[in-house]
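Quick notes on the structure that follows.
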2 protein chains.
Amino acid sequence: MQLDERKVKILQAIIRNYLETGEPVGSRTISKYTDLNLSSATIRNEMSDLEDMGYIFQPHTSSGRIPSDKGYRFYVDSLMEEKVAELNTMRSELELKADKIDVLLQHVAKLLAVNTNYATMVSKPKAKHPKLKFLQLSEMDMQKLLVVVVLDSNEVKNRIVDMDIAVEKEMLLKLNVVMNTFLQGLDLTEINMSVVQQMKQQAGEYSTLVTNILDAVADAVSEEEDMIYTSGATNILKYPELNDNEKASKLLYTFEEKKQLTQLITDSMDDENNRGIQVYIGDETPLDSMKDCSVVTATYEVEEGVYGKIGIVGPKRMDYEKVVNTLQSLMVDLDNIFKEKS
Amino acid sequence: MQLDERKVKILQAIIRNYLETGEPVGSRTISKYTDLNLSSATIRNEMSDLEDMGYIFQPHTSSGRIPSDKGYRFYVDSLMEEKVAELNTMRSELELKADKIDVLLQHVAKLLAVNTNYATMVSKPKAKHPKLKFLQLSEMDMQKLLVVVVLDSNEVKNRIVDMDIAVEKEMLLKLNVVMNTFLQGLDLTEINMSVVQQMKQQAGEYSTLVTNILDAVADAVSEEEDMIYTSGATNILKYPELNDNEKASKLLYTFEEKKQLTQLITDSMDDENNRGIQVYIGDETPLDSMKDCSVVTATYEVEEGVYGKIGIVGPKRMDYEKVVNTLQSLMVDLDNIFKEKS
DNA sequence: GTTAGCACTCATCTTAGTGGAGTGCTAATA
DNA sequence: TATTAGCACTCCACTAAGATGAGTGCTAAC
C-alpha cells in the first residue's frame, strides 16, 4: 500500500488535531474539519489503511486514533524538509562578554520555556580543547595563592592554591611571567612533560608550587560542572499523558540532577551529522525517563569547533511546528544579541 | 480546660502515629499502641477535649483525628525544648577555600535531601557588607580589562571592563597599586565620593576607566544571583497530601525559580531572634506555595556577621524529630569539614 | 470509489449499595 | 468520680450495575 496524497492529508489532519486536543481523534472529526469533503465512512477506510501501515493506532478498540511514533516521525520529517534550507544559514557567531554568558543562557532557557510551555535546557558551549589565554597569580595571604585562568573564549576561572613556603613578591612576579611565557596559547594536551620541566627549572626552589599551580589550572580548564541550564521543568506536570506521577517524577528528577541531560547533549553532539535541528520521538530518545516524550534539540556554533545545544522536552503530541519555528527565531535573536555585544 | 500529662501523651501519640501513616488516627489505635492502658472510649473523651482545645481535628465527621497547625506547633515546641541547649553550641565556624564553597553547599543540599526525603535548600553565607581584600587588574586584549575582585571571605569574582583608550602596561600596574591602596579593606558603603575623587586624580587621563572599574567592582560585590542551592524538589511528589497537582506544581515551581526561596531565607534571616533552628508550620510559612507544608530552617554562622541558612520543606506530617536531629548532625559534620579544610 | 446506516465496542460517568473504621452518647462499673 | 462497654449513627472508600456517547467495522446501495 502506498501513502497517496489524500492519506498524507488525513494523517496530517489527525496529528494536528491530536496535538491540539490530546484526545484520540475520530473519523467524524476529520470529515468535518478538513477541506477534503469526504464522509466519515471514507475517512474510516483510510484510517484503517493508515493503521495497517503503522502511522496511527487505537489506544483501545473502537476509540479514535492517535499517532504512533512512526506517525510523528513522518510528520516531523515532512515538516523539516521545508525548514532545512533556512537552518543551514543559522550559525550564530557568538563571541561575547564571557562573564555574562551564564546569565544569558539561563535567560534563553527561561524564555524558551515560557514561550513553548515545555521543559527546556541549554548547554554552555564548550571547546573540546580550550586554550589558555593567560594566567594571573596573586597573593591572597601568606599561605594562599590566587590563580586566575583566562581561556581563549574569554572565560575566566579561579582557583586557590596553598603555598607551603612563603613566596616573595618579586618571585611571584617572576613566576607569573615564566608560566605565562610557557603556557600562553596552549591547551591541556600541549602541556607536556618537557614544558613542565622547563618551567620547574626556572622556578628553582618553588618547583612544587609550579606543580600545584598546574594542577589547579588543569582542574579549572577541564571543569565541566553545571554546563547545563534548565527551565520550565514544572511544565511537565501540565501534560496529563506524562502525569502518571511515576513518569513525571522521573522526568523532573532528570531535570533536577542535570547529569543525565549532559549525557543526552554530549551524546548527540559527538555525532558530526547532528548539527542543526534534531527531533527524538518516544523511544528514539537516549534517556529512559524520556521514552514517553519527544525531545527537540538545536545545535549552535559559537565559533569554529565550539558548539552548544538547546533542547526542548515535551509530550509526544508536541507542537512540532511551533517548537521548530521558535527554536529558529530564538537563534536569530541570539545572533543579534551576540553581534551587538561583541 | 488544661493540658494535663495524659492529654499531652495522647496528643503526642496521635501526632507520631499520623506522621508515620499519613492517615487520620482513631481512638482504638491509640488505646492499643500506647503504654497508657486506657480503653478506646476514654481516649475518645480525651480526644474530644483535645479537639475542643484546637490541637486536633477531624477532616470529616466520624473520621479519625489529625493534628492541627496548633497541634504540630505544640509538638515541635516541646521537642525543641530538649534540643535548644545543644543547638546553641552549634555555630560552625566555616572559613574554607571559598572557591569550593559552591560545590560543597550543593553537596550539603543533596545529602540532606537524600537523608530526609524532603526538599532542601541551602543558602550561601553572605556578609551584609563584604569588604574588599584586593583587586587585580589584567589586560585581556587591547580593548578588554579583566578585573578580579577578592573579598574578605576569600570569595573571588571577576568582571570584564571595556577600555575606550589603550592603556600601557606600566599605567596598568600603577592603577593596580593605586586602587588597591585606596580600596583595600573597605566595603561598598565606605567607598565615598572623596575616595573616588582621590583615585581619579591619581589616574589622570584614565579617570573614566576608574569609574568603569568601580562600577564593575560594585556589581561584583553586590551580586546575589544563585545564592541558593536546592535539592530533592521532586521528593514533594512522594507525599499524597501535597500531590494535588496544583499545589505540587506551584511548589516545584518555587524551587525551580529560587527567587522566592531567597525571599523566604532573607526574611527569616533579618530577624536577629531567628538564629538556630526554626520551624514554620502551614500558614506560618511566608510563602504562599508552602501553606500546606512545613518548613524547618537552621541558621549557621561562618564568622561574625556572616550567616547562611539550611532549609527543609516537606509535608506538615514531617518527621520533625528526625529532621531536627539530621540538621544538627549535619551541622556538626560541616563543622568538621570546615575545620579540616581551613 | 464513495456513502449511509446499523450493530457493536468500550471508556467514562452516574448511581446505588456495602463494609468498615470511627465517633458520640448512655448506662453500668470500679 | 473516672473509666469502660456497648450500641446507634456517620461517612468515606470501594464495588457493581446501568446509562451514555463517541467511535468503529461492515454491508449494501448509490
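- In this structure, B:M47 atom CE and C:dA21 atom P are separated by 15 Å, rounded to whole Å.
- For the segment residues 61-68 of chain B, residues with any heavy atom less than 4.0 angstrom from an atom of DNA chain D are, sorted by number, B:T61, B:S62.
- To the nearest angstrom, P of D:dT3 lies 7 Å from CD of B:E46.
- Electrostatic pairing of A:E51 and A:R44 does not count as a salt bridge here, judged by no charged N lying under 4.0 Å from a carboxylate O.
- Here the shortest heavy-atom pairing between A:S27 and A:S40 reads CB-O, 3.5 Å.
- In this structure, B:F57 places its CZ atom where more than 12 heavy-atom neighbours from other residues, nucleotides or ligands lie under 6.0 Å away.
- Judged purely by distance below 3.5 Å, without hydrogens or angles, the side chains of A:T254 and A:S289 pair a donor atom with an acceptor atom.
- A donor-acceptor pair shorter than 3.5 Å cannot be found between the side chains of A:K322 and A:N325.
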Pairs under 3.5 angstrom only: tabulate donor-acceptor contacts from the side chains of residues 1-14 of chain A to other protein residues two or more places apart or in another chain.
from, atom 1, to, atom 2, distance (Å)
A:D4, OD1, A:R6, N, 3.3
A:D4, OD1, A:K7, N, 2.8
A:R6, NE, A:E46, OE2, 2.7
A:R6, NH2, A:E46, OE2, 2.7
A:K7, NZ, A:E46, OE1, 3.0
A:K7, NZ, A:D49, OD2, 3.3

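- No hydrogens or angles considered: a donor-acceptor pair under 3.5 Å links the side chains of A:K309 and A:T299.
- Put simply, CD1 on B:I43 is 17 Å from C1' on C:dC25, counting in whole angstrom units.
- With rounding to whole Å, B:Q58 atom CD is found 10 Å from D:dC11 atom P.
- Here the P atom of nucleotide C:dT23 and the CZ atom of B:F57 are 14 Å apart, to the nearest Å.
- A search for salt bridge (Lys or Arg N to Asp or Glu O under 4.0 Å) contacts involving A:E284 returns A:R73, not counting sequence neighbours.
- To the nearest angstrom, P of D:dA22 lies 15 Å from CG of A:N17.
- B:Y75 approaches B:L19 most closely through the heavy-atom pair CE2-CD1, 4.1 Å.
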Practice prompt. Dump the intermediate steps for side-chain hydrogen bond (donor to acceptor under 3.5 Å, both in side chains) on B:S63 and B:Q58, then the final yes or no.
Written response: CA-CA 6 Å; B:S63 80; B:Q58 298 176 284; 5.0 Å; no
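- A salt bridge links B:D292 with B:K247; the closest basic N to acidic carboxylate O contact falls under 4.0 Å.
- In this structure, A:K316 fails the cation-pi test against A:Y72, since its NZ or CZ atom is not both closer than 6.0 Å to the six-membered ring centre and inside 45 degrees of the ring normal.
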Distances for protein N or O near nucleotides 4-6 of chain D N or O, under 3.5 Å:
from, atom 1, to, atom 2, distance (Å)
D:dT4, OP2, B:S39, N, 3.1
D:dT4, OP2, B:T42, OG1, 2.6
D:dG6, O6, B:R44, NH2, 3.0

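- Within residues 18-28 of chain A, the residues approaching DNA chain D are A:G26, A:S27, by heavy-atom distance under 4.0 Å.
- Side-chain contact of B:Y280 with B:Q278: a donor-acceptor pair under 3.5 Å is present, judged by distance alone.
- Rounded to whole Å, atom P of C:dT23 lies 14 Å from atom CG of B:D49.
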Give me the distances for all protein-to-nucleotides 15-20 of chain D N/O pairs that come in under 3.5 Å?
none

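- Atom CD1 of A:I56 is separated from atom P of D:dG23 by 13 Å (rounded to the nearest Å).
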